[in-house]
Number of protein chains: 2
Amino acid sequence: MDVWGRPLRAAEWQEVILRAEAGEFDEPIWNVDRGDSREFDAIFVGGGAGGRFGSAYLRARGGRQLTIDRWPFLGGSCPHQACVPHHLFSEAARELDLARWLSGRLWFGEFEDKRASILELVELFRSGRNSAHSFMNWQSKEQLGMEYILNASATVLDEHTVEVAGERFHARNLVLATGARTEYPDIPGIDLPGVYDFASLVEELDYEPSRCVIIGGSKVAIEYGSFFQATGCPTTIVSRSPLMRTKSLHHVDEDLRQFVVDGMRKRGMTILEGAHPVEIVGNGRATGVVVRLADGTVETLPADFVFIGTGERANSAPFVEALGVEVDERGFIVVNSRMQTSVPGVYAIGDLIGAPMEMFKARKCGMTAARNIMGEPYEFDFSEYPDFLHSTYEVTWVGLSEAEARERYQNVVVIQMPPPGVDPGEIPLPCAEGSMLYAFTHPELTGFQKCVIDADSRRIVGVHHVGYGAKDAFQYLDYLIRRGLTIDDMAEMNELFLNPEHFIQLCRLRAGQTQLTNL
Amino acid sequence: MDVWGRPLRAAEWQEVILRAEAGEFDEPIWNVDRGDSREFDAIFVGGGAGGRFGSAYLRARGGRQLTIDRWPFLGGSCPHQACVPHHLFSEAARELDLARWLSGRLWFGEFEDKRASILELVELFRSGRNSAHSFMNWQSKEQLGMEYILNASATVLDEHTVEVAGERFHARNLVLATGARTEYPDIPGIDLPGVYDFASLVEELDYEPSRCVIIGGSKVAIEYGSFFQATGCPTTIVSRSPLMRTKSLHHVDEDLRQFVVDGMRKRGMTILEGAHPVEIVGNGRATGVVVRLADGTVETLPADFVFIGTGERANSAPFVEALGVEVDERGFIVVNSRMQTSVPGVYAIGDLIGAPMEMFKARKCGMTAARNIMGEPYEFDFSEYPDFLHSTYEVTWVGLSEAEARERYQNVVVIQMPPPGVDPGEIPLPCAEGSMLYAFTHPELTGFQKCVIDADSRRIVGVHHVGYGAKDAFQYLDYLIRRGLTIDDMAEMNELFLNPEHFIQLCRLRAGQTQLTNL
């Protein structure tokens, strides 16, 4: 179908996407300005987070782009299989957790062990995800002026040529943006029905899991595991490394890690660290996972639901084949800080170039490619960034951990809640929106936070928070910390009390000191 | 009792405070260093937010202070009667609202009209508030090294002398910090049982309200009214001005106001704007409120619970009498930007000097007084600040409204969600933590936001948000906006997706433009 020059409302887009997904038509959706004779500055192969943001930026700069996606919508896996369902499930986990702790109190009814249906939540997501897709098609077309071809595979022929539905398109540059997928461990039984990753979960789940084993200790493992457990599905995580001690989660202190992991255990999860999966056993569907525990013993964990929470690998094979583009040992395309690959005129962005598999990185990679393509030398360094995950909490951190800071600076001062040595059950801090009901019923559950300061320069070098409602602020704290934010700057700010992280007012309690001390 | 030199744990403090509140002892709690012969640099009369933070700052600067409070704890009305219960009740309102919209879906049971007990929540707060008090006594003593006398009235004799329990204390300066209280309208029946304000509500409520009328349209009226309604207590607000159109809530655009006020109506509240209370009628307890409506008709609104949500007036009378300190027509003490009153050596801070009645102001007033007392010329201008309120949403804003920006700048550009002209039911944006369940069930409920930009300078001049989880960020956005934050700076930041306010990525979609346009 051709939609060029024909405004479609979000609701009309939703109809189109639903029909395409139902297999009611398989031809491409063309949104291409056939009357524009300009050469494309870039073709974006993949219209996910990076491809869409790169396309928008390139258009805004006055360039001409074409974005191609195999799905009938732009936005990629985030709203379809990844960040959005994860956030929906994490919100459900948080609400279920509250309902469990307050069982039989206030207006909360008695909490039954098996309270919520994973399948029902997956179906809720599946039934509603197209509203985000349709919005992005609408926005990209009507507000951002992008050209795109959806519901169609792109075949890269050379560094200037892409074929779609038998038609060839030429461009000055290519931007590769086809993402990554879960890397399944190579063990017997891995192909059994009943084994899922975050993508196949939302696409394929068709029964109610009653016992879960998660293989892997990634962020995804923690997040989805906390959700499964919160619904009342007993969940075991089988992880080689201690949770949150993987290289990809840098800057995590042991005390924050303990609060989060202990919190997961307190909620009934089984966490087997130093354990290796050996085999998935089953009988037409998975019935258990054989694991070798840290002490060497081998055990079979019963499970009718196995979830793979290991790492990801890149969808780079077609580009290696067509272009000979350089990749690393895990298949991720190698780029420089301008997102340029080993092949001149070919850029790669997003998950396709490796960790971190985060939206800010994908989108800013897209922007970086667009700026360079439009003649503006621009580099993007994503070696340092704010990070987060969900358990039934929102866990956020940026900058150095306390341990890292102590290695780097002589005089490190920490402002922490609850303060070291104070029993968390004695004080309901930190707390704010989201933890008020805990503050008055289970003060030990409100959260944990710390602010790490180099006392000599008075600069804030790291901030860490477990609770609710602080994540948004960490984006700005990242920016401010990079620019030398001091405890004195913090003391000057105007807090909105009760603020979820109490850094501003806590800093003010100490900022009067010439020689800073802990709080 | 004398606690000087005797460390008390938070749990021990709680015991002391409970006994004092139960009337088991009425002598002062002395935490005064009798062995220190230095003169006090300041006596803080009142140990609430401003008094405690001022005291901490003065101590940190090496000064000596004495803080006196009539209550057996430091921290003042915030944790005892104001911000903390308000946040607890607002969290309850948010959870109840969710339970109502999702009634009978997912794991939520059928929602009954009268679902929650106001009295039970008040009692929950009352039973737990002392843990915050005890923490502040502990922190102020053990971590901040403050001297204080609690559970004792202070009588100011002259600008250097305060009497407590018959003992006189002298200081170089006085800092007055005794706060404000609700100003009741002068109408017949106002003294009837069944008439409450936010303070007496938590102290005195002893029955379950079944129908509420709120007199006044302040922030407190909106916040408490939304809570009462959410519990299932039908609530009517009687306000002279349109809600959120009062002078004290500056920088609020009409579209944001509409989203919030329409949301309150959608949840069943009755909002009578342009209405005046004439009389409270009753029969041993309030049974109704007689009001003159905007059209001049007079009506009696039935109510067994009347809540006063008008403004506040200062507790300044004793100081006018003892010191002749200058006050304004509403009794607020007049100060300059250093918190100096008309009497040399006498400072006043916090709610006692007038609006805004916010924690950042109280605390920073205390810091300002402390710095000036310690010889550092320091001024505090609180004419501009970030602001928030709760309905069942968290509503936050800072900087200019769109209307204000259009008056000041030639080319104003707005980035808004949902975008103008898009039906909020068609797209579930903005959304993130706290609105994910709405996104997939009631997309029109997820929220509203806008970012206002001066297109010529590219500076962000105002940001506005209705939803959840953005409040914390607005503290830093206030700081950044004051320092000239541009759309280009925003585009460079690292968002944590799904971030509650989508400003960073939305700015990035437009920042490539030389001539900015709306989004």
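Reminder, nothing fancy here: chain letters follow the sequence lines and each chain counts from 1. Since the model is a prediction, treat every value here as computed from it, not as a measurement.
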Note to self: For Met490(A), which atoms come within 4.5 Å of any heavy atom of chain B: side chain, backbone, both, or neither?
What the structure shows: side chain

Item checked: Structural part of Glu384(A) lying under 4.5 Å from a heavy atom of chain B -> backbone

Next item on the list: Below 4.5 Å from any heavy atom of chain B, which atoms of Glu358(A) appear? Answer side chain, backbone, both or neither.
Entry: neither

Check: Picking from Phe380(B), Phe53(B), Tyr378(B), what satisfies side-chain contact (heavy atoms from CB on, under 4.5 Å) with Met367(B)?
Finding: Tyr378(B)

Margin query: Could you measure the distance from the OG atom of Ser140(B) to the CG atom of Leu509(A)? Nearest 0.5 Å is fine.
Written below: 8.0 Å

Item checked: Pairs of heavy atoms under 4.5 Å with chain A: top-ranked of Asn518(B), Leu477(B), Leu58(B) -> Leu477(B)

Check: With Phe503(A), which residues qualify under ring pair (Phe, Tyr, Trp, His ring centres under 6.0 Å), at least two apart?
Finding: none

Note to self: Given heavy-atom pairs under 4.5 angstrom as the criterion, report whether the side chain, backbone, both or neither of Leu480(A) touches chain B.
What the structure shows: side chain

Margin query: Quick test of your reading: applying side-chain hydrogen bond (donor to acceptor under 3.5 Å, both in side chains), list the pairs with at least one residue in residues 502-511 of chain B, sequence neighbours left out, ordered by first then second residue.
Written below: Glu495(B)-Arg508(B), Asn499(B)-Gln505(B), Arg510(B)-Thr517(B)

Next item on the list: Among Arg371(B), Gln139(B), Arg129(B), Gln14(B), single out the residue with the greatest number of heavy-atom pairs under 4.5 Å to chain A.
Entry: Gln139(B)

Next item on the list: Give, as side chain, backbone, both or neither, the part of Cys431(B) having an atom under 4.5 angstrom from any heavy atom of chain A.
Entry: neither

Notebook entry, point to check: Measuring heavy-atom distances to chain B, does His390(A) have an atom under 4.5 Å in its side chain, in its backbone, in both, or in neither?
Noted result: side chain

